[in-house]
Amino acid sequence: MPIILRRFFFYLVYNRETASYKLHYIDVNGSTKSNGFTANDGTELTNHGISNVSGYVGESSDPTKLNLWNFTDDGYVLVDASGNVKGADGNVDISKLGKQEFIEGMGDNNDHDQYVYLKHAVEEITPETSDSDIPKDP
């Protein structure tokens with residue numbers, strides 16, 4: 001009687017859960033506030049925001065891959081930020097911009113979105129300011 005060997009293969013498919021958040025830049029120029037900003041205090045600069053920062057739950061986003069906007073080159077200054085962009089002392093830590101750990105349920109609402117609040121940079125010009133130090137671009 002011949003012996004018949006059969007091989008069975010089983011594959012286990014593991015789907016890692018993903019999560020996402022958005023990075024918003026809000027122009028709050030003209031607001032009288034100095035902190036505690038919300039998205040309603042200004043105008044969102046939608047052409048610079050990042051709408052889908054995504055990754056696997058338990059991992060952190062990598063800001064070096066996000067092509068973050070260098071807002072200072074466009075004449076803005078940072079006045080506040082929300083989310084985990086603040087350090088333990090409550091001050092904005094720009095190195096945390098675009099970086100946070102992905103957690104379960106992130107992306108279901110805007111609770112984990114990062115908001116960066118900007119105002120137009122103002123340079124004081126006095127009669128003593130030399131012509132070379134006066135910006136030519138209005």
Side-chain angles (χ1 to χ4, degrees):
M1 174 179 260
I3 299 176
I4 299 174
L5 297 175
R6 292 191 174 148
R7 293 184 183 173
F8 295 96
F9 293 98
F10 296 95
Y11 295 97
L12 177 63
V13 178
Y14 174 69
N15 289 326
R16 295 173 63 185
E17 185 177 352
T18 59
S20 64
Y21 67 92
K22 297 175 185 173
L23 179 63
H24 306 267
Y25 292 98
I26 310 293
D27 182 341
V28 292
N29 204 59
S31 174
T32 58
K33 288 183 170 181
S34 59
N35 58 25
F37 292 99
T38 68
N40 295 328
D41 292 325
T43 305
E44 184 164 1
L45 302 169
T46 55
N47 53 332
H48 295 292
I50 301 174
S51 62
N52 187 23
V53 181
S54 61
Y56 294 111
V57 169
E59 295 181 355
S60 293
S61 53
D62 182 359
T64 60
K65 294 181 180 179
L66 296 179
N67 194 22
L68 296 173
W69 176 38
N70 186 352
F71 50 83
T72 57
D73 286 350
D74 288 333
Y76 284 95
V77 293
L78 176 68
V79 292
D80 202 4
S82 70
N84 75 331
V85 183
K86 293 193 176 184
D89 60 0
N91 292 322
V92 175
D93 182 353
I94 198 70
S95 69
K96 293 184 176 187
L97 185 62
K99 184 173 187 168
Q100 63 181 320
E101 184 177 341
F102 295 105
I103 60 173
E104 190 174 337
M106 182 183 266
D108 294 343
N109 51 40
N110 294 337
D111 289 349
H112 295 92
D113 286 2
Q114 291 183 337
Y115 291 84
V116 179
Y117 301 102
L118 307 169
K119 285 191 174 184
H120 299 202
V122 176
E123 203 169 313
E124 186 175 336
I125 298 175
T126 66
E128 291 78 31
T129 304
S130 71
D131 285 343
S132 62
D133 291 335
I134 297 175
K136 305 300 183 232
D137 184 2

Should Val77 and Leu118 count as side-chain neighbours, where that means a heavy-atom distance under 4.5 Å?
no
Assigning hydrophobic clusters by single linkage (Ile, Leu, Val, Met, Phe, Trp, Tyr; side-chain heavy-atom cutoff under 4.5 Å), is Ile50 placed with Val116?
yes
Can you tell me how far CG of Asn67 sits from NE2 of His48, rounded to the nearest 0.5 angstrom?
11.5 Å
Do Val28 and Asp80 have side chains that approach each other closer than 4.5 Å (heavy atoms only, starting at C-beta)?
no
How long is the straight-line distance from OG of Ser60 back to CD of Gln100, given to the nearest 0.5 Å?
9.0 Å
Among the clusters formed by ILVMFWY side chains lying less than 4.5 Å apart, do Leu23 and Val92 turn up in the same one?
yes
Say you draw a straight line from NZ of Lys119 to NZ of Lys33; how long is it, rounded to the nearest 0.5 Å?
10.5 Å
Do you know which two heavy atoms are closest between Ser61 and Lys99, and how far apart they sit?
OG-CA, 3.3 Å
Check the orientation of Phe71 and Trp69. Use parallel for under 30°, tilted for 30 to 60°, and perpendicular for over 60°.
perpendicular
So, for Met106 and Glu101, which heavy atoms are closest and what is the spacing to 0.1 Å?
CE-O, 3.3 Å
Is it the case that the side chains of Asp27 and Asn29 hold a donor-acceptor pair, with the cut-off being a distance below 3.5 Å and no angle test?
no
Report yes if the side chains of Ile26 and Asp41 come closer than 4.5 Å at any heavy-atom pair, otherwise no.
no
Quick one: do Lys22 and Glu44 make a salt bridge, cutoff under 4.0 Å?
no
State whether the side chain of Ser20 and the backbone N or O of Asn52 hold a donor-acceptor pair below 3.5 Å, judged by distance alone.
no
Backbone of Gly98 reached by a side-chain donor or acceptor of Gln114 within 3.5 Å:
yes
Joint cluster assignment, Tyr115 & Leu66, ILVMFWY side-chain distance < 4.5 Å:
no
Can you tell me how far OG1 of Thr72 sits from CD1 of Ile94, rounded to the nearest 0.5 angstrom?
9.5 Å
With the 4.5 Å side-chain cut-off for hydrophobic clustering, are Tyr76 and Val85 part of the same group?
yes
Cluster question for you: counting only ILVMFWY and a side-chain heavy-atom cut-off of under 4.5 Å, with indirect links fine, are Phe102 and Leu68 together?
yes
Looking only at side chains, do Ser31 and Tyr117 share a donor and an acceptor under 3.5 Å apart?
no
Measure the CD1-OH distance between Ile103 and Tyr21 for me, rounded to the nearest 0.5 Å.
12.0 Å
